[in-house]
Amino acid sequence: MTRPGLVARVLIDSPLPQLDHLFDYSVPAELAADAAPGVRVRVPFRSSGRVVDGYLVELVDAALPGLTDAGHADAEFHGTLSPIEAVVSPARVLTPEVWKLARRIADRSAGNASDVIRLACPPRQVRVEKAWLAAQAAEPAIQAQANQAQANPRQDEPAVPTPGLSEARFSEYGAGVLEDAIAKRRRLAMAAVPFPVALPAGPSIGHWAKTLAELAVETLEAGRTAILVVPDYRDQDQVQAALDVLAPAGSVSRVDARQPNPDRYRSFLACLGPEPRIILGNRSAAYAPAADLGLLALWDDGDPLHSEPLSPYAHSRDAALVRQEQSGCALVLLGHSRSVEVQRLVELGWLAEVHPATSRHPEVTPTEFQAADDQFARAARVPSAAWHTARQALKAGPVLVQVASPGYAPMLACQGCKKAARCTRCQGPLGLASAGGTPSCRWCGALAADWSCVHCAGRTFRVATVGAGRTAEDLGRAFPGVRIIIADGDHPIQQVGAEPALVIATRGAEPIAAGGYRAILLLDGQRMLGRESLRVGEDCLRWWCNAAALAAPGAAVMLAEVGGTLARAMSTWQPESFAAAELADRRQLRFPPAVRVASVSGTEADVEAALADLAEIPHVDVLGPVGMEAPLVRAVVRFAYGSGDQVAAALKAQVVRNAARRRRPKGAAFRAAPTLRVRFDDPELL
DNA sequence: AGCACGCCGACT
DNA sequence: GTCGGCGTGCTC
């Protein structure tokens, strides 16, 4: 009893690469009413427990074979179709726009669409969904009216009182520049105003958060949805605080994976409604469903938290770029510093640069190694000039000290032979979390109570590197009587007052000071630059710029132990000049983002087979393979952006073949043969 | 993942 | 001749 002529094309919710395409089913007449594109369905499947979950992606007329969603017409299936077993609920959770985005993101990184959809569609919560469906059904007209009134403050209701904030919207960027960007749906690389701003009767926030909120409200007033993507929760809180002041009540949905599941699903469902909204969240927000998307904005795209740790590992910048291209919305990449990726897009002309109209910026002074004359300041490795600056500034208000590492002494050495102290169990480095504590291993956590040095049998430690705790101790002596506040991952502090205090923070954990810091000391420059990574310079510049942007206007920012291009980029406040130089280097070296990269790992035979398929594709070269652990080898494939689709398609085909073929050697209950693994655009790769 | 199909070695 | 080993491929 099926309705003839109607074919449901279903994406199976499975991580298996060989199932990552659409399967055709017939639609039984009794399900036809609910069987709309985007609903969750249960379908029979000749294995894995007979019935599996999936999404109904599209409905097509069987009489018109081949007329499927553009581009993804899988080879037509000829055979008898099984009927859909059930429509899980009539909620159309996978919108066509999000499906297209998920498919494209998966395709460009040889991944699974269902893995991307898992980020986009949170787990179903039956009670929440029933309540939402009931609300939809009951008086939809009144509902829509109410939402319309909420979403559009220019109508009847008076706008939320926002003295001094909304009147001067965007004035920092020159009249009309950003209004125009929203209206004409431009793509912008935008430099944030590098100072904090005080909300009326509220906390201080980064000016960038106000800009983001204003862009969103502008979009909302134009009748479209804005998605704001920020890397972490402290950033979300700042934007939320600005939206509380600027945006109409009820117009903001916050989506992030840290909310309790029912809350998360509730805000997800709210995004499905027909009325425009402001959607604020972390990297997964880039995939949120949106009614008439007008703006996609990212804050600080260089932050590694924008990089998805789950397969297929897409960066939210890439998700945003793809979605912008598909939907034609405005795109804003806002930051204090500039990532090399954004610099590339600027140089290509893909993004237009926008700077604040006033050239006011933090006054950064690079200081040399000249030690302070105060012995305690010297112990705290504070340069002389910085010490004097801090002492002066502490009369007026809070002073920020940025350090590289948390803890007391993150790295210990042997007092006798000066070599690094190692864990007797696992060879990991030993460190000290607090002043009076017992040293412990940073890898395995084991306490080193009865330690002796493997080199010289010594039994006492010396401090090899200094953490925030030790710096606090030293600075306490150098500035007697001053209140000391420590902020790091273990002691997160959002906000400090305007009273004098020394705030010692690890990079990225700096609290915001009411009215801004009166001085900022960026210590540990050399240590931060000592990390071995392609991105050190870029990362350091980002950490320093983000900290310097917490200064009050006119306050001094002292950058210790750093010279050269980085120091110049800081003191002229032109991080894009560093990004441009860096990009030129990467082009020379053929490193990302001048090219894209993919790592291919597995057994030697599997990797060789995969690489063989890439031989014909232009602008591809291969580094390795080199041996990894046990039977594994890894090769790095570099390719031009234009060859990306071919490379991804070829590697995906290999992954599918490999997944279908692999079997465990019978009898011996060893683990299964290692699979071929492919990862695109890994920021840690080179 | 599971399950059927299929192509070679010992059996009623 | 056929039963059944497990390697190979498919699941609408």
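In what follows, every chain begins at residue 1, and chains take the letters A, B, ... in the order their sequences are listed. The figures that follow rest on heavy atoms only: side chains count, while hydrogens, waters and symmetry mates do not.
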- Once you round it to whole Å, what is the distance between P of dT11(C) and CG of Leu81(A)? 12 Å
- Calculate the interatomic distance between Asp24(A) atom CG and dC12(C) atom P; express it in whole Å. 11 Å
- Intermediate values then yes/no, side-chain hydrogen bond (donor to acceptor under 3.5 Å, both in side chains), Arg254(A) and Gln259(A): CA-CA 9 Å; Arg254(A) 204 160 152 167; Gln259(A) 308 169 277; over 6 Å; no
- Rounded to whole Å, CZ of Phe23(A) lies from C1' of dT11(C) at a distance of 6 Å
- Roughly, in whole Å, what's the span from CD in Gln18(A) to P in dC3(B)? 16 Å
- Query: Expressed in angstrom and rounded to an integer, what is the separation of Asn658(A) atom CG from dT8(C) atom C1'?
  - Reply: 14 Å
- Task: Could you check whether Leu16(A) gets within reach of a base, just the sugar-phosphate, or nothing at all, counting any heavy atom under 4.0 Å?
- Result: base
- Do other residues, nucleotides or ligands put more than 12 heavy atoms under 6.0 Å from the CZ atom of Arg677(A)? no
- Item | Atom-to-atom span, OH of Tyr55(A) to C1' of dC12(C) - whole angstrom | 19 Å
- Query: Are any non-hydrogen side-chain atoms of Arg187(A) and Leu321(A) less than 4.5 angstrom apart?
  - Reply: no
- Distance in angstrom units between His21(A) NE2 and dT11(C) C1', rounded: 8 Å
- Item | Separation between OG of Ser26(A) and CD1 of Ile84(A), rounded to the nearest 0.5 Å | 7.5 Å
- Query: What is the distance from CG of Leu19(A) to C1' of dG2(B), rounded to the nearest Å?
  - Reply: 11 Å
